[in-house]
Amino acid sequence: FLRTTAFAVAGAMYASRVNRALAQDKITLRLSSPATPGDQRAVALTSVFAPSVSAFATFEPHWNAELFKQGTELEAIARGNLEMSITSAQELASLYPEWGIFTAGYLHRDAEHQKKVFAADFMGPMKKKVENELGVKLLTVMYLGRRQLNLRIDKEIKTPDDLAGVKLRMPGTDAWQFLGKALGANPVPVAFTEIYTALQTGAIDGQDNPLPSDKDSKFYEVTKQICLTSHLVDLNYLAFSKKVWDGLAPDQQAAVQKAADDAAESGRQKQLKLESELEQFFKDKGLKVYAPDVDAFRKHVQKAYLDSDFAKDWPEGMVDKINAL
Ligand code: KDO
């Protein structure tokens, strides 16, 4: 009896040590993003990505830019201080100008087009360069939505000319500021987490984001109208540390990749549904929601890009390849 008990005790001790070792061996995947926890990309990462990798990794998200300031995340991953972020073509373009092609207004048509473009062969060398030089693996494309003007001023906006002198908040990179100018406005750089206060105090006349973000961050409380320009079918990329990736076993890498794609798909579908429903929500909040002369905006924006220095950095022939998809 004594011997059996001794074995049982020893066995239990061994098992608990193994469990502890396994728990300790789990990697922690910290993600920093200015997104709110209610954002559909955040919801999908927490409810789809995290459980799918939980056998070997603990997903630790930090929303509202609580760990790193918006726009500093890629550098943090490159330096080994962060494992994941939700990056943008605009952030990548400030390091690798060829990514600027995806920051151009009226280029991507919709969520499915974004997926096709991300999977296209011509993206291979661009992704590899970011991986090899920056140490960042772009796992999947996440749909953010159609960006619309959301203004605190009364003036109705029909054409780009109506935006002359309007202080439009855009995120703080050159690519974003250029889009603001291309729309006809006066772009002002402000971080995402500062938008609400900037609208409230009148430091800016407006901002642009997809409808679900406007709802989530309560911008309707401090604005009067939404002008449906749909000037950018916006996307983000799920960024992952190449160093951490290389330390994973092949089956773990496959699990991370599938978890990322599944989360992106889940977020995409929910975001599309929200976009189709939310117009009424803002009207109920007393905002005017209307369509401008979208053709006038498209022509103005496309011309601004093609005439700009930015377009010189775009890979030869890629606009046609993108349009053909
Ligand atoms: C924003 O700052 O307006 C923006 O929408 C830009 C996106 O690329 C992305 O960074 C997003 O903010 C954040 O994820 C917050 O939703």
Side-chain angles (χ1 to χ4, degrees), residues 31-46 49 61-77 82 84-95 99-105 107-108 111 114 118 136 138 140-151 167-180 183 185 187-199 204 206-219 222-223 226 229-239 263-264 267-268 270-271 274-275 278:
L31 176 141
S32 183
S33 167
T36 58
D39 180 296
Q40 292 312 312
R41 293 161 305 161
V43 171
L45 286 169
T46 310
F49 181 82
H62 296 263
W63 309 116
N64 296 317
E66 270 160 14
L67 204 56
F68 287 96
K69 273 206 269 179
Q70 182 177 29
T72 62
E73 303 93 340
L74 283 178
E75 208 183 302
I77 298 178
L82 184 67
M84 294 175 74
S85 82
I86 303 177
T87 192
S88 62
Q90 290 82 359
E91 287 167 3
L92 288 163
S94 55
L95 302 166
W99 284 84
I101 193 165
F102 302 119
T103 71
L107 180 75
H108 279 117
Q114 288 180 352
F118 187 72
V136 171
L138 301 171
T140 196
V141 64
M142 303 189 102
Y143 179 67
L144 180 56
R146 296 190 298 275
R147 295 182 84 93
Q148 318 290 8
L149 297 176
N150 171 214
L151 310 174
K167 285 179 282 169
L168 182 67
R169 174 274 171 181
M170 299 297 282
T173 62
D174 290 350
W176 280 117
Q177 296 293 301
F178 185 77
L179 178 59
L183 286 165
V188 183
V190 175
F192 184 81
T193 43
E194 314 287 322
I195 297 177
Y196 187 98
T197 313
L199 286 168
I204 52 173
Q207 62 95 25
D208 82 310
N209 257 293
L211 300 184
S213 308
D214 292 345
K215 174 172 185 264
D216 220 30
S217 293
K218 298 194 163 58
F219 296 147
V222 283
T223 53
I226 292 178
T229 43
S230 295
H231 51 272
L232 185 67
V233 183
D234 207 5
L235 56 77
N236 288 119
Y237 304 109
L238 189 59
R268 183 179 296 119
K270 288 191 180 152
Q271 193 78 339
L274 277 176
E275 275 187 301
L278 279 177

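Whatever order the structure lists ligands and atoms in, that order sets their numbers, starting from 1. Worth saying up front: this structure is predicted, and the values here are computed from it rather than measured. Numbering of residues begins at 1 and proceeds along the displayed sequence.
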Self-check item: Residue list, side-chain contact (heavy atoms from CB on, under 4.5 Å) with Ala263, at least two apart or on another chain
Solution: Ala44, Leu45, Val48, Phe49
Quiz item: Of all residues at least two apart in sequence or in a different chain, which pass the side-chain hydrogen bond (donor to acceptor under 3.5 Å, both in side chains) check with Asn150?
Solution: Gln207, Thr223
Exercise. Could you name each residue pair satisfying side-chain hydrogen bond (donor to acceptor under 3.5 Å, both in side chains) that touches residues 63-77, not counting sequence neighbours?
Key: Glu75-Arg79
Quiz prompt | Any donor-acceptor pair under 3.5 Å from Arg169 side chain to Val190 backbone | solution = yes
Put together the list of close N/O pairs, under 3.5 Å, between ligand 1 and the protein, could you?
from	atom 1	to	atom 2	distance (Å)
ligand 1	2 (O)	Gln70	NE2	2.9
ligand 1	2 (O)	Arg169	NH1	3.4
ligand 1	2 (O)	Arg169	NH2	2.8
ligand 1	3 (O)	Arg147	NH2	2.8
ligand 1	3 (O)	Arg169	NH1	2.7
ligand 1	3 (O)	Asn209	OD1	3.4
ligand 1	3 (O)	Asn209	ND2	3.1
ligand 1	5 (O)	Arg147	NH1	3.0
ligand 1	5 (O)	Asn209	OD1	2.7
ligand 1	8 (O)	Asn236	ND2	3.1
ligand 1	10 (O)	Gln70	NE2	3.4
ligand 1	14 (O)	Arg41	NH1	3.1
ligand 1	14 (O)	Arg41	NH2	3.0
ligand 1	16 (O)	Arg41	NH2	2.9

Quiz item: What's the spacing between Leu278 CG and Lys215 NZ if we round to 0.5 Å?
Solution: 6.0 Å
Exercise. Indicate the ring-plane relationship of Phe102 and His108, choosing parallel, tilted or perpendicular according to the 30° and 60° boundaries.
Key: parallel
